[in-house]
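Computed from heavy atoms alone, side chains included, the values below leave out hydrogens, waters and symmetry copies. Owing to the predicted nature of the structure, the values given are computational and were not obtained by experimental measurement.
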Amino acid sequence: MPLALLALAVGAFGIGTTEFVMMGLLPDVASDLHISIPSAGHLVSAYALGVVIGAPLLAAVTARMSRRTVLIALMVLFVAGNALSAFAPGNGSLLAARFLSGLPHGAFFGVGAVVATGMVPPERKARSVSLMFLGLTVANIAGVPAATLMGQHLGWRATFLGVSAIGLAAIAALALLIPHDHTHACATGLRGELAALRSLPVWLALGTTVAGFGALFAAYSYVTPMLTDAAGYAETNVTLLLALFGVGATAGNLLGGRLADHSLRGTLFGGLISLAVVLALFPLLMRAEWSAAVAVTLLGMAAFITGSPLQLMVMEKAAAAPSLASSANQAAFNLANAGGAWVGGIALAAGFGTTSPALAGAALAVLGLAVAGAAYAVDRRRALPSTGRIVTSSHVLEDSEALHP
């Protein structure tokens with residue numbers, strides 16, 4: 001694999017760290033800014049809103065630019081947003097800075113996926129995407145815990161300065177390792193990029209992302225009370241268990257990339273089925289500490305097996321606008337984050353039990369499987385000849401001949 005993928009992984013590591021570290025810093029931020037924890041929680045929403053808006057917008061307006069230049073510019077914006085977060089004097093300015101930090105997130109992964117697949121032969125495209133996403137999953141193992149500890153001991157502002165430093169390292173790596181001859185986007189322009197998103201298969205692929213990863217976040221958003229109230233873990237051990245989720249996600253990401261190069265749709269279907277099964281077993285697995293640890297690890301693995309296949313599928317369905325479609329998939333991922341948490345919260349508020357969000361997630365995984373099945377049916381229908389012939393495995397017959405020999 002090209003060394004340039006390392007530069008993309010470094011950027012993904014920084015983005016993954018800043019996205020998830022805020023959850024662990026909410027009490028410190030709330031105390032320092034004299035706001036409630038629910039109000040501080042809006043900082044998480046501000047970042048996600050930045051991702052959803054910035055992903056398709058920035059990918060579309062930079063369609064004619066060199067992709068290498070776009071990646072570096074996006075990381076500059078990322079550094080600026082995190083540096084402004086570190087020096088934000090109040091809640092309002094911090095909300096704006098977090099929104100700014102989220103703007104380059106989706107476009108970076110979207111354009112980065114196009115660059116990654118352009119540097120490898122066709123049989124390694126999914127694997128190249130998974131190596132870029134490796135930075136995101138490793139961030140959950142090392143980046144987020146380290147940044148959280150930094151914030152707890154040196155203050156939450158030091159965390160965002162540290163993330164800014166990771167961004168600067170990513171800029172240097174991108175400038176040194178991303179080759180110029182693999183970065184020029186096709187000159188379709190904004191109108192051509194938007195037109196490529198009108199395809200039904202593209203929207204079905206995006207819908208699969210929303211439902212599939214919504215299944216993950218329906219359970220993961222409430223995994224802490226599951227581990228403490230159902231499995232009996234102390235709150236001090238939750239951070240370690242979340243690192244196990246990162247280990248599972250990293251393994252699933254690498255496995256999904258390798259399998260998808262052999263069977264893209266088979267890997268997607270298998271991942272969604274595995275995710276539904278794991279989530280359906282959560283009420284049983286959360287009855288003991290050891291099985292709960294296994295459940296969290298399997299959740300990360302099953303969910304992220306589908307990451308690379310979904311990214312690659314969206315890009316293939318919108319071949320005329322791969323950057324925009326790939327970025328839109330990242331926006332879909334963040335919609336899944338918000339929507340999955342909402343669905344899981346409904347199950348919890350209805351009094352169905354501590355582990356009920358996992359069952360709601362299993363239902364979403366089945367929905368994702370249904371959408372993926374519909375996408376497959378559409379592809380099969382479009383692949384059939386339109387010449388009035390009946391195609392069989394052994395021969396071709398004219399309709400009239402088949403009905404009237």
Full working for side-chain contact (heavy atoms from CB on, under 4.5 Å) between Ser326 and Val111
CA-CA 7 Å; Ser326 184; Val111 177; over 6 Å; no
Does Leu58 form a side-chain contact (heavy atoms from CB on, under 4.5 Å) with Leu74? I'd like the steps, not just the answer.
CA-CA 9 Å; Leu58 293 179; Leu74 290 171; 3.7 Å; yes
Least distance between heavy atoms, Val163 atom then Gly14 atom
CG1-O, 4.0 Å
Begin from the C-alpha positions of Asp229 and Thr354 and carry the test side-chain hydrogen bond (donor to acceptor under 3.5 Å, both in side chains) through to its verdict.
CA-CA 7 Å; Asp229 298 345; Thr354 307; 4.7 Å; no
side-chain contact (heavy atoms from CB on, under 4.5 Å) between Tyr233 and Met226, intermediate numbers included
CA-CA 9 Å; Tyr233 275 102; Met226 290 189 209; over 6 Å; no
Does the salt bridge (charged side-chain N to carboxylate O under 4.0 Å, His left out) test come out yes or no for Arg127 and Asp261, once each step is laid out?
CA-CA 7 Å; Arg127 210 175 310 177; Asp261 279 329; 3.5 Å; yes
Just checking, any donor-acceptor pair under 3.5 angstrom between side chains of Asn82 and Thr18?
yes
Inter-residue atom distance Leu216.CG - Asn337.CG, 0.5 Å rounding:
8.5 Å
Phe99 ring center near Tyr47 ring center (under 6.0 Å)
no
Atom of Asn253, atom of Leu134 and distance for their closest heavy-atom approach:
ND2-N, 3.5 Å
Straight-line distance of Ile171 CD1 to Leu176 CG, nearest 0.5 Å:
12.0 Å
For Ser164 and Ala83, indicate whether the former's side chain and the latter's backbone hold a donor-acceptor pair under 3.5 Å.
yes
Greater than 12 external heavy atoms within 6.0 Å of Arg258's CZ:
no
With rounding to the nearest 0.5 Å, note down the distance linking CG in Leu136 to CZ in Phe109.
4.5 Å
Ring centers of Tyr220, Phe213 separated by less than 6.0 Å:
no
Does the pair Ile305 and Thr267 meet the rule for a side-chain contact (heavy atoms from CB on, under 4.5 Å), with working shown?
CA-CA 7 Å; Ile305 281 178; Thr267 303; 3.9 Å; yes
